[in-house]
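Throughout, protein chains are lettered first and strands after them, A, B, ... in sequence-line order, and every chain is numbered starting at 1.
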Number of protein chains: 2
Amino acid sequence: MVKYFDGGLDAVFHALADPNRRHIVEALSHGERTVGEVAAPLSISLPAVSKHIGVLERAGLLRRRRDGRVHRLRFQPDALARGSEWIETHRRFWEESFDRLAGYLEKHSTQRPDKH
Amino acid sequence: MVKYFDGGLDAVFHALADPNRRHIVEALSHGERTVGEVAAPLSISLPAVSKHIGVLERAGLLRRRRDGRVHRLRFQPDALARGSEWIETHRRFWEESFDRLAGYLEKHSTQRPDKH
DNA sequence: CTCATATTTAACTAGATGGTTAAATATTTT
DNA sequence: AAAATATTTAACCATCTAGTTAAATATGAG
């Protein structure tokens with residue numbers, strides 16, 4: 001199996017593919033929160049939240065700081081930026097293709113372009 | 001049964017969390033491709049590719065057009081835009097928090113803000 | 001009609017995921 | 001020291017995933 005290194009995009013997108021985990025990221029996007037604070041509005045058990053936090057942590061989306069008996073979680077925007085970059089790169093490719101087609105159509109406005 | 005069936009964020013991010021599927025999206029970002037063309041560079045069986053295409057299709061990331069015995073696949077950037085929007089929204093929240101903190105520090109430059 | 005090509009569907013499998021409850025660990029409070 | 005609080009780890013389970021090979025479907029070509 002040809003598994004190429006992709007800079008953690010698998011982990012980042014996988015982490016974002018769950019509504020509870022996105023909810024956690026949303027909570028952290030407003031500031032630092034403890035595990036309990038982040039867990040409160042979710043309708044799952046604390047161990048389940050703990051696992052979700054682990055997934056986000058391994059994906060690089062949050063950082064944990066132990067403060068006494070609470071763990072304070074902090075959003076880590078760089079990992080999110082990596083996901084965003086991949087998406088924007090491919091949206092841009094598409095838009096450029098679209099622009100090239102538009103340009104072609106402008107020059108050859110009476111005929112439709114070949115399919116390839 | 002298939003878990004990620006609609007074009008929601010779960011489905012979009014889940015679809016992007018696999019390198020083979022991202023490779024397919026990359027191929028399509030350069031233009032329309034058939035199933036066979038998209039499958040050629042991947043080191044997995046055709047049925048496996050067919051399933052990946054189904055995942056991308058259900059996530060709204062591509063559209064299929066039957067043309068004789070080939071299926072032509074077209075990238076669908078709107079779904080990607082939805083993923084991007086979620087990411088950018090939360091990066092923005094974070095940056096705004098950061099800006100507010102910066103503004104606070106500017107006004108109260110001799111003291112550090114409370115951790116709260 | 002028959003053969004070849006393009007793609008999907010079916011049936012199966014090993015391993016991952018997301019949830020649970022119960023127990024363990026670490027720290028603060030009394 | 002004992003009790004309370006915050007969080008993780010362990011053990012378990014049902015379902016989902018990503019892959020496989022073999023068979024089915026649909027269309028095109030000779």
Study note, to complete from the structure: Under a 4.0 Å heavy-atom criterion, the protein footprint on nucleotides 2-8 of chain D, written with B, S and -, is --BBSBB
Study note, to complete from the structure: Nearest-nucleotide check on DNA chain C, A/D18 vs A/G68; residue mapping nearer the 5' end is A/D18
Point to revise | Heavy-atom pair with the smallest gap, counting every atom of A/A79 and A/G60 | key: CB-O, 3.2 Å
Exercise for review: Rounded off to whole Å, could you give me the CG-to-P distance for the B/D10 and D/dT15 pair?
Suggested key: 19 Å
Review point. For the atom pair NE2 (A/H71) and OG (A/S50), what is the distance rounded to the nearest 0.5 Å?
Key: 8.5 Å
Point to revise | Euclidean distance, atom CG of residue B/N20 to atom C1' of D/dA18 [Å, nearest integer] | key: 9 Å
Check your understanding: Can you name the residues that form a side chain to side chain contact (heavy atoms under 4.5 Å, CB included) with A/E37, not counting sequence neighbours?
Key -> A/R33, A/T34
Review point. How close do A/G83 and A/L9 get, heavy atom to heavy atom, and via which atoms?
Key: CA-CD2, 3.8 Å
Cut-off 3.5 Å, no hydrogens considered: what does the side-chain donor-acceptor table look like for residues 13-28 of chain A, sequence neighbours left out?
from	atom 1	to	atom 2	distance (Å)
A/D18	OD1	A/N20	N	2.8
A/D18	OD1	A/R21	N	3.0
A/R21	NE	A/A15	O	2.8
A/R21	NH1	A/H52	ND1	3.1
A/R21	NH2	A/H14	O	3.1
A/R22	NH1	A/L16	O	2.8
A/R22	NH1	B/D10	OD1	2.8
A/R22	NH2	B/D10	OD1	2.7
A/E26	OE2	B/W86	NE1	3.3

**Study point:** Partners passing side chain to side chain contact (heavy atoms under 4.5 Å, CB included) against A/R58 (at least two apart in sequence or in another chain)
**Key:** A/V55
Exercise for review: For A/H23 and C/dG18, give me the distance from atom NE2 to atom C1', rounded to whole Å.
Suggested key: 18 Å
Review point. Is it true that A/R82 and A/E85 have a side-chain N and a carboxylate O under 4.0 angstrom from each other?
Key: no
Study note, to complete from the structure: Contacts of B/R63 meeting side chain to side chain contact (heavy atoms under 4.5 Å, CB included) (sequence neighbours excluded), chain-then-number -> B/R74, B/Q76
Point to revise | Bend angle of the helix from C/dC1-D/dG30 to C/dT30-D/dA1, from helix axes over five pairs at each end, nearest 10° | key: 10°
Check your understanding: Between atom CZ in B/R33 and atom P in C/dA6, what is the gap in whole Å?
Key -> 16 Å
Point to revise | Gap between atoms CZ and P, on A/F13 and C/dT17 respectively (whole Å) | key: 17 Å
**Study point:** Spacing between A/I44 atom CD1 and C/dT20 atom C1', to the nearest angstrom
**Key:** 11 Å
Review point. Is there a path from B/V70 to B/I53 through hydrophobic residues (I, L, V, M, F, W, Y) whose side chains come within less than 4.5 Å of each other?
Key: no
Check your understanding: Are any of B/S45's side-chain N or O atoms less than 4.0 Å away from OP1 or OP2 of D/dT20?
Key -> yes
Check your understanding: Please give, in whole Å, the distance from D/dA18 P to B/L16 CG?
Key -> 12 Å
Exercise for review: Using whole Å, report how far CZ of B/R65 lies from P of D/dT27.
Suggested key: 15 Å
